[in-house]
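Heads up, the thing below is written out as structure tokens.
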Amino acid sequence: MKAIEVVKGIYWVGAIDWDIRTFHGHTYETRRGTTYNAYLIVDDKIALIDAVYGPFYQEMLDRIKEIVDPKKIDYMVVNHIETDHSGAVPIIMELQPKAKVVCSAKGKEGLIRHYYGNWDFQVVKTGDTVKLGKRTLRFIEAPMIHWPDSMFTYIPEDSLLLPNDAFGQHLATSKRFNDEVDETIIMDEASKYYANILWPLGAVIKKKIQEIIDSQIKIDMIAPSHGVIWRKNPLKIVEAYLNWASNETKDKVIIAYETMWGATRKMAQAISETFMEKGIETLIYSIPDTDRTDIIADMLDAKAILIGSSTHDNDMLPNTAGFLEFLKGLQPKGRIAAAFGSHGWAGGAVGGINEVLKKAGCLVVEPGLEVKYTPNEEDLASCRRFAEGIIKKIK
Ligand code: FEO
């Protein structure tokens, strides 16, 4: 695929990673692949906004070469130092050692610690600008969206925002713009990205979006560094971020469980039937059989989270422990949460789950529900009453 002109004089010169299925050291399932979007701006001066993951450098270089000689790049703007975007920066700097590396103060620190290059850095802060000719690059620091070094680049002449990871999606496609791809797929991947990476940063995100709204900059297009460019109705994704960052939930329950011999599964089924009978949207996942990132994505707008596990060695089963460790890091604050599970001679899983859910910032309904061995009719009635107690909290 050739370089794609995003607006006159600004080109997508990134790379499409069709094959990647796990990202971030196996913490994120990328079932639809991803893209690493880099943007070349050709004016009196030439700027490259972000690069690509190292193994894809040739794909990016080939696209740049269709437009200009990479040795003519004046500014290498690094909005974010994570290697999926900065991996090919040393190649650019090798070809053009005179280019200025434009980044935040934390970006400079991180780039030095990643690549140890003797580069000419230009550290920028919010409001700083670089004039390219007819066009201006204006920078907006965005620390912790999602790393301390993160920043956005804004081009006022085109009302174009280049926010790196923010508003992106892990989606490999031959199309570059949101109006060319099924919106359901885009939003599915955008919400999954938010849930699994940005969820704990809601307060920072809300503040940053408000700051951008208050600055009254015009945004006609948002070109993130993963997935498609928001050309049609770009503010739709900004509004979605504001809703997610506000922790907006609906009457929806996620039941995620792990069972050893089927008793905890029976409990999950009895509990779920009560929710469904009351018309509450309910999704049930077997933790070891489902990708963690999909369960997390569904939890983003759920009012209640129920976690079930058999007891093993006086605690929850190991897949549940791994799942909850990840969930704890995402801090799903304000969600109603409860634990259930079956045990043999002694319990322990429910207490262990409760402790982690509390650390995750959930509103834990204690003590949860434990059943000895296989649930009998009386136990199943307890499961139904347990669900009714959660419904009262939801309502
Ligand atoms: Fe897409 Fe934080 O890197």
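Numbering of ligands and ligand atoms starts at 1, following listing order.
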- Metal check, atom 1 (Fe) of ligand 1 vs His80 N/O/S, cut-off below 2.8 Å: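 It does not: His80 brings no N, O or S atom closer than 2.8 Å to atom 1 (Fe) of ligand 1.
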- Message: Suppose we only count N/O/S atoms under 2.8 Å; would Asp165 qualify as near atom 1 (Fe) of ligand 1?
- Response: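 Of the N, O and S atoms in Asp165, at least one lies under 2.8 Å from atom 1 (Fe) of ligand 1, which means yes.
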- Query: Salt bridge between Asp298 and Lys252, side-chain N to carboxylate O under 4.0 Å?
  - Reply: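 A salt bridge is present here (some side-chain N lies under 4.0 Å from a carboxylate O).
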- Message: Looking at Glu29 and Arg292, is there a salt bridge between them, counting it only when a charged N and a carboxylate O are closer than 4.0 Å?
- Response: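 Glu29 and Arg292: not salt-bridged.
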- Task: Calculate the angle formed at atom 2 (Fe) of ligand 1 by OE1 in Glu82 and NE2 in His146; 10° precision is enough.
- Result: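 Vertex atom 2 (Fe) of ligand 1, arms to OE1 of Glu82 and NE2 of His146: 90°.
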- Which N, O or S atom of Asp84 lies nearest to atom 1 (Fe) of ligand 1, by name: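 In Asp84, the N, O or S atom with the shortest distance to atom 1 (Fe) of ligand 1 is OD2.
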- Message: Is there a ring-ring contact (aromatic ring centres under 6.0 Å, His included) between Tyr53 and His85? Walk through the geometry before answering.
- Response: CA-CA 5 Å; Tyr53 182 35; His85 308 291; 9.6 Å; no
- Hey, what's the ring geometry for Phe167 with Phe152, parallel, tilted or perpendicular (30° and 60° as the breaks)?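 Phe167 and Phe152: tilted rings.
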